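Working notes, structure below.
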Amino acid sequence: MEQSLKIYNTLTRRKETFEPINLPHVGLYVCGPTVYSDVHLGNVRSFLSFDVVYRYLRFLGYKVRYVRNITDVGHLVDDADSGEDKIAEKARLEALEPMEIVQKYTIGFHDVMRIFNILPPSVEPTATGHIIEQIEMVKKILGKGYAYEVNGSVYFDVRKFNADFPYGKLSGRNIDELQANTRALDGQSEKRDALDFAIWKKAEPSHIMRWPSPWGDGFPGWHLECSAMSTKYLGEEFDIHGGGMDLKFPHHECEIAQNVGASGKSGPRIWMHGNMLTVNGRKMSKSEGNGFTPEELITGNHKLLEQGYSPMTVRFFMLQCHYASTLDFSNDALRAAEKGYARLTEAIENLDKAQASDTSDIDVDKLRQSCRAAMDDDFNTPVLISVLFEAAKTANQVQSGRRKATEKDITALKKIFEDYAFEVLGFRREESAAEGDSSLTPGLMDLVLNLRKAAKLNKDFSTADQIRDRLNALGIHIKDTPEGTEYKIN
RNA sequence: GGUCACGUGGCCGAGUGGCUAGGCAGAGGUCUGCAAAACCUCGUACAGCGGUUCGAAUCCGCUCGUGACCUCCA
């Protein structure tokens with residue numbers, strides 16, 4: 001398989017030609033959600049970005065094992081000494097078992113993924129399901145001397161590690177700068193050094209989520225699960241690790257340290273970081289409280305939203321921006337995306353009505369190559385979309401008879417949309433209200449449109465226009481074409 | 001304060017040394033009873049100031065502005 005896929009590697013800060021370690025297999029790990037609250041749109045963007053990565057790798061013919069974890073042990077709320085984690089806290093607030101919280105939000109997360117047509121990963125491991133693997137990893141790191149135990153907790157020894165391997169490579173930091181900028185922790189830390197981080201944490205008696213370990217009852221540290229689970233399912237060395245930009249430091253940096261500390265191997269060759277979704281220029285985040293849930297976006301039921309937008313409109317909107325750039329959320333941009341997406345899908349539908357000719361004056365191969373080139377260039381979805389618009393224009397020209405295409409070319413053009421719009425970009429034909437709503441609809445529409453046709457033949461245009469306007473008000477748009485009147489129900 | 005990004009036409013957003021992405025909005029036109037849709041034509045934009053170069057939105061420097069990370073976060 002000869003490929004020319006280039007991926008921007010955050011670790012080397014360069015675009016690199018993608019060469020899988022074990023052709024035709026590709027290992028892809030992406031940091032998943034922490035399931036203690038509803039996912040918001042910013043989270044969706046990240047998973048969407050890697051959904052397209054996954055889809056394209058598969059499209060290229062790779063056998064991809066895509067691992068995306070569920071973090072169901074909450075990260076600590078305050079600092080390492082508080083002993084309270086978010087899932088435990090939420091459980092207390094809602095008077096539920098921690099696993100009830102986890103269950104509830106995991107289901108919610110999966111629903112959201114489905115709504116946006118984000119494919120499920122090949123493996124979706126949970127942190128609580130891999131306590132043993134995490135304990136084993138802690139043991140290994142201890143065995144190598146890169147961690148120490150204090151009072152039932154185990155901390156990663158960053159300075160010791162840094163003496164042997166560079167710490168901070170991914171995020172471009174060096175530990176002296178970090179040291180200088182570490183704020184003073186409240187209370188006395190057990191850590192020997194402020195830079196150290198917990199890989200196993202002792203559970204206070206009140207802590208609900210706890211497991212026995214060689215160091216007493218406790219729970220795994222913040223960053224350990226990804227190291228343990230990526231190693232388990234993808235090996236000590238694998239191809240790609242993805243996640244949001246905000247995880248680069250400290251989370252991913254710690255992951256690398258843990259991997260190297262345990263096995264001597266650093267894990268992924270390529271790090272990919274998706275950028276943030278912003279609202280009025282500010283990062284959408286849980287703590288800022290400026291997030292939208294997918295429901296709010298779809299229904300438009302939010303004070304910052306002027307209307308609702310369909311999931312595929314949102315998908316299109318997000319993919320019109322490169323994954324590594326910040327994307328600012330605005331009503332104007334969403335509305336523009338809605339129209340653009342409608343134009344694209346209509347062109348695709350219109351292609352079914354195109355008449356084939358004996359000759360062709362369209363260049364389908366070139367379009368296809370442009371699609372490929374766009375995606376090969378670090379998954380450049382905005383450029384791919386621009387090519388799809390060219391293809392849409394071509395389709396419309398053929399459909400309207402302005403340009404000619406053979407049956408073969410029409411089929412090839414359809415295939416481009418099939419492959420790139422649906423398979424790679426993951427758009428999904430949205431079920432129109434026409435189907436399923438009522439089996440009476442076609443008959444009724446036939447009746448109404450025939451009445452209008454009769455009115456038109458009688459030059460009774462006011463009646464004809466009234467019918468059109470009234471239908472419009474009901475959300476039914478009609479369009480007179482040489483072949484007759486078409487209708488579309490929103 | 002440290003580290004790192006970014007600043008593109010009315011809006012969103014690609015590009016990153018010469019070959020003027022794309023979408024939305026806007027103007028004119030073709031078609032149509034009128035619309036709608038589609039198609040055709042139209043915008044010479046790259047924060048500011050210097051520098052390098054035959055040539056810079058693209059490289060370098062400075063200034064201004066915005067943001068992210070440094071603490072849980074996709």
Side-chain angles (χ1 to χ4, degrees), chain A residues 13 30-34 36-37 39-50 71 74-80 85-86 168 171-174 176-178 180-183 185 222 242-251 273-278 281-288 291 316-317 320-322 324-344 346-347 350 370 374 377 380-390 392-393 395-397 399-403 456 459-462 464-465 468-469 472 477-482 486 488:
Chain A
R13 292 156 212 263
V30 172
C31 290
T34 303
Y36 65 88
S37 64
V39 290
H40 64 247
L41 224 54
N43 304 308
V44 170
R45 183 184 181 204
S46 190
F47 299 125
L48 172 61
S49 297
F50 292 106
T71 298
H75 290 178
L76 297 173
V77 171
D78 297 326
D79 55 67
D85 78 36
K86 286 186 172 171
S171 53
R173 287 155 215 256
N174 67 63
D176 293 320
E177 276 166 8
L178 282 169
N181 292 301
T182 303
R183 53 166 198 171
L185 289 168
W222 320 359
M245 207 72 113
D246 48 357
L247 296 178
K248 208 164 156 187
F249 189 90
H251 183 62
H273 291 276
N275 217 131
M276 302 294 105
L277 181 67
T278 61
R282 304 214 153 254
K283 175 185 170 186
M284 182 181 283
S285 73
K286 281 167 190 165
S287 49
E288 290 266 343
F316 177 85
F317 164 70
Q320 252 186 321
C321 175
H322 186 75
S325 303
T326 53
L327 169 62
D328 197 56
F329 181 97
S330 73
N331 284 289
D332 286 348
L334 250 334
R335 212 177 301 112
E338 183 173 56
K339 292 203 174 176
Y341 182 65
R343 196 158 94 79
L344 188 62
E346 268 185 52
N350 285 159
S370 299
D377 185 16
N380 199 327
T381 56
V383 170
L384 172 56
I385 287 175
S386 78
V387 178
L388 290 179
F389 272 106
E390 260 184 69
K393 183 184 277 189
N396 284 330
Q397 287 167 332
Q399 205 267 125
S400 66
R402 186 176 286 267
R403 294 177 81 176
K456 276 172 62 174
K459 303 240 183 279
D460 179 6
F461 295 121
S462 80
D465 289 350
R468 183 171 63 202
D469 294 344
N472 227 323
H477 299 287
I478 66 175
K479 185 158 89 170
D480 296 327
T481 74
E486 295 172 0
K488 193 175 176 87

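Quick caveat, the model's predicted, so the values are computed rather than measured. Each chain gets a letter, A, B and so on, in the order the sequences are listed, and its residues count up from 1.
The existence of a salt bridge linking A/Glu346 and A/Lys479 is confirmed by a sub-4.0 Å separation between a basic side-chain nitrogen and an acidic carboxylate oxygen.
Contact of the A/Thr326 side chain with the A/Leu277 side chain is not registered, since no non-hydrogen atoms from C-beta on lie closer than 4.5 Å.
Residue A/Asn380 is in sugar-phosphate contact alone, with no base atom involved, counting any heavy-atom pair closer than 4.0 Å across all strands shown. Counting non-hydrogen atoms under 4.0 angstrom, A/Met276 reaches a base of the nucleic acid. Across all strands shown, A/Arg45 has no heavy atoms under 4.0 Å from either base or sugar-phosphate atoms. Counting non-hydrogen atoms under 4.0 angstrom, A/Ser325 reaches the backbone sugars and phosphates but no base. Residue-level contact check: A/Asp328 touches the backbone only, with heavy atoms under 4.0 Å from sugar-phosphate atoms and none from bases. Residue A/Leu344 is out of contact with every strand shown, counting any heavy-atom pair closer than 4.0 Å. Using a 4.0 Å heavy-atom criterion, one finds that A/Phe461 contacts the bases of the nucleic acid, with or without backbone contacts as well. When heavy atoms are screened at a 4.0 angstrom cut-off, A/Leu334 is found touching no nucleic acid atom at all. Using a 4.0 Å heavy-atom cutoff across all strands shown, A/Gly243 reaches sugar-phosphate atoms only and no base atom. If you check every strand for non-hydrogen atoms under 4.0 Å, A/His322 touches sugar and phosphate atoms only. Counting non-hydrogen atoms under 4.0 angstrom, A/Gly32 reaches the backbone sugars and phosphates but no base.
If you measure from atom NZ of A/Lys286 to atom P of B/U71, you get 19 Å, rounded to the nearest angstrom. Here the P atom of nucleotide B/A74 and the NE2 atom of A/His251 are 10 Å apart, to the nearest Å. In this entry the distance linking CG of A/Asn275 with C1' of B/A68 reads 8 Å, nearest Å. In this structure, the CZ atom of A/Phe329 is 19 Å from the P atom of B/C24, given to the nearest Å. Rounding to whole angstrom units, OH of residue A/Tyr36 and P of B/C73 are separated by 8 Å. At whole-Å resolution of the value, CZ in A/Arg173 and P in B/A68 are 14 Å apart. Whole-Å rounding puts the A/Phe249 CZ to B/A74 P distance at 17 Å. Taking atom CZ on A/Arg335 and atom P on B/G10, their separation rounds to 19 Å, with Å as the unit.
Spacing between B/C12 and B/C49 at atom P, rounded to whole Å, works out to 22 Å. Atom C1' of B/U8 sits at a distance of 15 Å from the matching atom of B/G48, rounded to the whole Å. Distance noted for atom P between B/U30 and B/A35: 11 Å (whole Å). Taking atom P in both B/G50 and B/G55, the straight-line distance is 16 Å, to the nearest Å. Nucleotides B/A57 and B/C24 are separated by 23 Å at their C1' atoms, to the nearest Å. When the C1' atom is used for both B/G18 and B/U58, the distance is 11 Å, rounded to whole Å. On the C1' atoms, B/G17 is 9 Å away from B/U53, given to the nearest whole Å.
Rounded to the nearest 0.5 Å, atoms CG (A/Asp465) and CG (A/Asn472) are 11.0 Å apart.
The side chain of A/Arg13 places no N or O atom within less than 4.0 Å of a non-bridging phosphate oxygen (OP1 or OP2) of B/C4. Note on A/Arg343: a side-chain N or O is less than 4.0 Å away from OP1 or OP2 of B/G23. Side-chain nitrogen and oxygen atoms of A/Lys248 include none within less than 4.0 Å of the OP1 or OP2 phosphate oxygen of B/A5. Proximity of A/Gln320 to the phosphate of B/C24: no side-chain N or O atom is located under 4.0 Å from OP1 or OP2.
Of the nucleotides present, B/U66 is the one that pairs with B/A5 by Watson-Crick or G-U wobble criteria, both distances under 3.5 Å. Applying the Watson-Crick and G-U wobble criteria (two distances, each under 3.5 Å), B/C19 pairs with nothing in any strand. Searching all strands for a Watson-Crick or G-U wobble partner of B/C42 with both distances below 3.5 Å returns B/G26.
When atom types are taken as modelled, the side chain of A/Arg468 and the backbone of A/Ile478 share no donor-acceptor pair closer than 3.5 angstrom.
Of the candidate nucleotides B/C69, B/A37, B/G22, B/A37 has the atom lying nearest to any side-chain atom of A/Lys479. Looking at the side chain of A/Asn43, the nearest of the listed nucleotides B/A14, B/A74, B/G67 is B/A74. Nearest nucleotide to the A/Lys456 side chain, out of B/G33, B/A21, B/C40: B/G33. Comparing B/G22, B/C24, B/G13 against the side chain of A/Lys339 picks out B/C24 as the nearest. Counting only heavy atoms from C-beta on, A/Arg282 has its side chain closest to B/A68 among B/C39, B/A68, B/A74.
A donor and an acceptor atom sit less than 3.5 Å apart, one in the side chain of A/Arg468 and one in the base of B/C34. No hydrogens or angles were tested; on distance alone, a donor-acceptor pair under 3.5 Å links the side chain of A/Lys283 to the base of B/C73. Side chain A/Asn331 to base B/C11: no donor-acceptor pair is found below 3.5 Å. Under 3.5 Å, the side chain of A/Asp465 and the base of B/G33 form at least one donor-acceptor pair of N or O atoms.
Residues passing the side chain to side chain donor-acceptor pair (under 3.5 Å) test with A/Gln397, sequence neighbours excluded: A/Arg403.
Across the interface with RNA chain B, nearest-nucleotide mapping of A/Phe47 and A/Asp332 shows A/Asp332 to be the residue nearer the 5′ end. If you find the closest nucleotide of RNA chain B to A/Cys321 and to A/Glu346, the one lying nearer the 5' end belongs to A/Cys321.
Between A/Phe389 and B/G22, no base-stacking contact is recorded for ring centres under 5.5 Å apart and planes less than 30° from parallel.
Relative to the ring axis of A/Phe389, A/Arg343 does not place its NZ or CZ within 45° and under 6.0 Å from the centre.
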